[in-house]
2 protein chains.
Amino acid sequence: MSYPEAWLRGASLGEGITCQLRLQIINGTLKPGETLSENRIAADFGTSRSPVREAMKTLSNEGLIRLERMGAVVVGLGPKEVEELYDVRYLIESFVQQRMAGSDTGPLKISLQRIIDKMELAAKHGDPVEFAFQDLSFHETIIAEAKHSRIWQLWRSIRQIVMTVMLITTEEVFAEGERRIQGVVEKHRRLLQALQSGDPDEVQRSVRHYFDDSYVTLQHSISRS
Amino acid sequence: MSYPEAWLRGASLGEGITCQLRLQIINGTLKPGETLSENRIAADFGTSRSPVREAMKTLSNEGLIRLERMGAVVVGLGPKEVEELYDVRYLIESFVQQRMAGSDTGPLKISLQRIIDKMELAAKHGDPVEFAFQDLSFHETIIAEAKHSRIWQLWRSIRQIVMTVMLITTEEVFAEGERRIQGVVEKHRRLLQALQSGDPDEVQRSVRHYFDDSYVTLQHSISRS
DNA sequence: CTCTGTCTACTTGTATACAACTTTGTTCCT
DNA sequence: AGGAACAAAGTTGTATACAAGTAGACAGAG
């Protein structure tokens with residue numbers, strides 16, 4: 001499994017290396033505890049140390065590796081870490097919904113509906129990459145609506161990891177058949193419906209439910225692998 | 001006002017430049033909208049572009065500057081952004097306290113008491129830098145206790161900014177006299193007392209109160225400047 | 001056998017060089 | 001005068017070179 005090249009269009013070498021290493025760490029090709037050397041990686045990718053160095057710093061900021069005095073050691077993203085990642089996602093979206101309560105969400109709801117349409121289209125075309133991207137966009141659109149610089153920054157700091165995790169889990173979901181895919185679409189539709197109800201408590205409940213459900217999906221996915 | 005050199009002991013050039021630029025951005029020496037060039041800054045600091053480049057990337061991750069195609073533009077940290085920063089701090093500490101409810105907080109409480117003692121000592125010695133550092137340590141100790149990798153990562157991503165803001169505000173507090181200083185110590189003592197009560201609701205209330213109080217202090221500090 | 005000093009290979013941090021691209025100001029043509 | 005081509009300066013991204021420091025092996029002294 002490799003990183004979608006379309007997502008690297010116009011990216012620098014450093015960003016490309018970052019993405020590929022991130023994927024390798026998350027899907028377990030690079031195992032926790034392994035140590036990485038700038039020189040070795042640069043040789044592997046056939047580049048100089050500069051872009052590798054950039055990648056290492058980025059991955060360190062994302063918490064996927066730990067920079068030590070000699071060699072960076074892979075931290076990895078096990079089941080526990082993924083759960084914790086979803087903790088933070090819930091924290092963010094819950095906060096955002098709370099903050100948006102009462103404001104005009106008309107344009108937002110239209111955007112979200114459009115994204116759900118695109119998800120269904122991607123499902124019909126059997127395109128998991130596009131599907132995962134729209135899934136990400138759905139949540140990102142909600143978070144952006146809060147117009148809260150720090151929350152947005154927070155999202156950006158986990159965005160790439162979330163994207164990569166989604167990419168992997170979505171491929172699994174697609175492999176399990178139409179029914180599971182529609183289930184994911186339905187989850188988002190319910191979230192949008194709660195938003196349209198306009199009742200803050202209902203929204204909070206549905207966000208809580210969304211992530212509770214994601215937890216069990218994760219457990220399912222984890223126990224399979 | 002300059003960055004405490006003791007905090008840069010053993011740091012690389014890149015980290016040093018990062019800290020100095022961060023301080024200049026936060027205290028307004030570098031104003032929002034200004035554009036920074038790697039070459040110019042490297043010349044200013046008398047170094048090569050490498051450490052400057054590292055600094056730019058770090059500050060960009062912290063959201064203090066925005067990397068564009070040519071030249072990085074200063075985003076800055078106005079009153080609104082500081083408020084938003086405290087939103088996130090509340091989000092973190094509230095979550096941590098919630099998660100720790102019920103677990104054994106014996107050793108934690110001892111650590112916190114020690115830190116408060118050090119704060120009082122720093123107050124007595126009229127040492128705002130040490131005081132700010134202990135203030136930071138207090139909250140960091142609580143957050144570390146949750147043993148939640150993502151929350152910890154999240155804290156690390158704002159830690160330096162929080163530290164710098166604390167450094168600045170603490171100097172202001174010290175300038176306003178003994179009474180204000182003791183007020184800050186008292187705030188922390190109340191937080192610890194709530195923790196010792198063992199009642200989760202009481203803890204949540206006191207955390208909420210702590211940050212509500214911080215908001216008004218910020219408003220006060222902001223309206224003065 | 002254990003401890004210590006040294007030596008080697010490898011690591012990171014920093015400096016410098018270069019290529020590709022963007023912006024801007026100028027000049028020339030209409 | 002207005003606009004387009006062009007030139008020049010500045011910018012980033014990447015490669016390479018070098019210095020300083022660290023881990024680990026290894027040999028020799030106690």
Side-chain angles (χ1 to χ4, degrees), chain A residues 3 5-22 24-25 30-76 156 160, chain B residues 3 5-22 24-25 30-76 156 160:
Chain A
Y3 202 84
E5 285 168 34
W7 293 6
L8 291 174
R9 195 86 52 179
S12 70
L13 258 182
E15 296 173 85
I17 293 176
T18 307
C19 288
Q20 295 195 235
L21 283 181
R22 180 169 28 231
Q24 290 188 10
I25 291 173
L30 289 171
K31 297 204 167 51
E34 235 172 300
T35 76
L36 309 176
S37 139
E38 289 183 6
N39 280 318
R40 234 175 38 83
I41 295 178
D44 288 351
F45 282 92
T47 69
S48 78
R49 273 177 52 212
S50 305
V52 175
R53 196 175 174 72
E54 183 187 327
M56 301 285 255
K57 197 155 163 31
T58 301
L59 294 176
S60 163
N61 278 325
E62 293 179 356
L64 293 176
I65 66 177
R66 211 175 45 238
L67 264 41
E68 302 197 336
R69 283 184 278 192
M70 278 185 75
V73 42
V74 176
V75 171
R156 291 225 348 201
Q160 298 284 350
Chain B
Y3 202 84
E5 285 168 35
W7 292 6
L8 292 175
R9 195 87 52 178
S12 70
L13 259 181
E15 296 173 86
I17 293 176
T18 306
C19 288
Q20 294 194 236
L21 283 181
R22 178 166 34 230
Q24 289 187 11
I25 291 174
L30 290 171
K31 297 204 168 52
E34 233 172 303
T35 77
L36 309 175
S37 139
E38 290 183 4
N39 281 317
R40 235 175 36 83
I41 295 179
D44 288 351
F45 282 93
T47 70
S48 79
R49 272 178 52 213
S50 305
V52 175
R53 196 174 175 72
E54 184 187 327
M56 301 285 255
K57 197 155 164 32
T58 301
L59 294 176
S60 163
N61 277 325
E62 293 178 356
L64 293 176
I65 66 177
R66 211 175 45 237
L67 263 41
E68 302 197 337
R69 282 184 284 191
M70 280 186 74
V73 42
V74 176
V75 171
R156 291 226 348 202
Q160 297 284 350

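Convention: sequence-line order gives letters A, B, ...; per-chain numbering from 1.
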Can you measure [X] atom [atom1] to [N] atom [atom2] for me and round it to whole angstrom units?
{"X": "A/Glu68", "N": "D/dA23", "atom1": "CD", "atom2": "C1'", "result": "13 Å"}
{"X": "A/Ile65", "N": "C/dT12", "atom1": "CD1", "atom2": "P", "result": "10 Å"}
{"X": "A/Leu67", "N": "C/dG13", "atom1": "CG", "atom2": "C1'", "result": "12 Å"}
{"X": "B/Glu54", "N": "D/dG13", "atom1": "CD", "atom2": "C1'", "result": "16 Å"}
{"X": "B/Ile41", "N": "C/dT14", "atom1": "CD1", "atom2": "P", "result": "16 Å"}
{"X": "A/Ile17", "N": "D/dT14", "atom1": "CD1", "atom2": "C1'", "result": "10 Å"}
{"X": "B/Arg40", "N": "D/dT11", "atom1": "CZ", "atom2": "C1'", "result": "13 Å"}
{"X": "B/Leu13", "N": "C/dA15", "atom1": "CG", "atom2": "P", "result": "6 Å"}

Counting C-beta onward and ignoring hydrogens, is there a side-chain heavy-atom pair between B/Lys31 and B/Val74 closer than 4.5 Å?
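B/Lys31 does not reach B/Val74 side chain to side chain.
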Tell me if a side-chain donor or acceptor on B/Glu15 pairs with a main-chain N or O of B/Ser12 at a distance below 3.5 Å.
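Judged by distance alone, yes, a pair lies under 3.5 Å.
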Is the backbone of A/Met56 close enough, under 3.5 Å, to the side chain of A/Ser60 for a donor and an acceptor to pair up by distance?
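No, the answer is negative, given that no donor and acceptor are paired below the 3.5 Å cut-off.
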Measuring to OP1 and OP2 of C/dT11, would you say a side-chain N or O of A/Asn39 lies under 4.0 angstrom away?
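For C/dT11, OP1 or OP2 has a side-chain N or O of A/Asn39 closer than 4.0 Å.
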Determine: side-chain N/O of A/Ser12 to OP1/OP2 of D/dG13, distance under 4.0 Å, yes or no.
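No, no such contact exists.
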For A/Ala55 and A/Ile17, which heavy atoms make the closest approach, and how far apart are they?
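Looks like CB-CG2, 3.8 Å.
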Nearest non-hydrogen partners of A/Asn39 and A/Arg49, listed with the distance:
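Looking at all heavy atoms of both residues, the shortest contact is OD1-CD, 3.2 Å.
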Point-to-point distance, once rounded to the nearest 0.5 Å, from CD of A/Glu38 to CZ of A/Arg40
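Rounded to the nearest 0.5 Å, the CD-CZ separation comes out at 12.5 Å.
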Listed partners of B/Glu5 passing side chain to side chain contact (heavy atoms under 4.5 Å, CB included), at least two apart
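Expected list: none.
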Kindly point out which of C/dT12, D/dT11, C/dT14 is positioned nearest to the side chain of B/Pro51?
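Of the candidates, C/dT14 comes closest.
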For nucleotides 16-25 of chain C, tabulate all protein N/O to nucleotide N/O atom pairs closer than 3.5 Å, reporting atom names and distance.
none

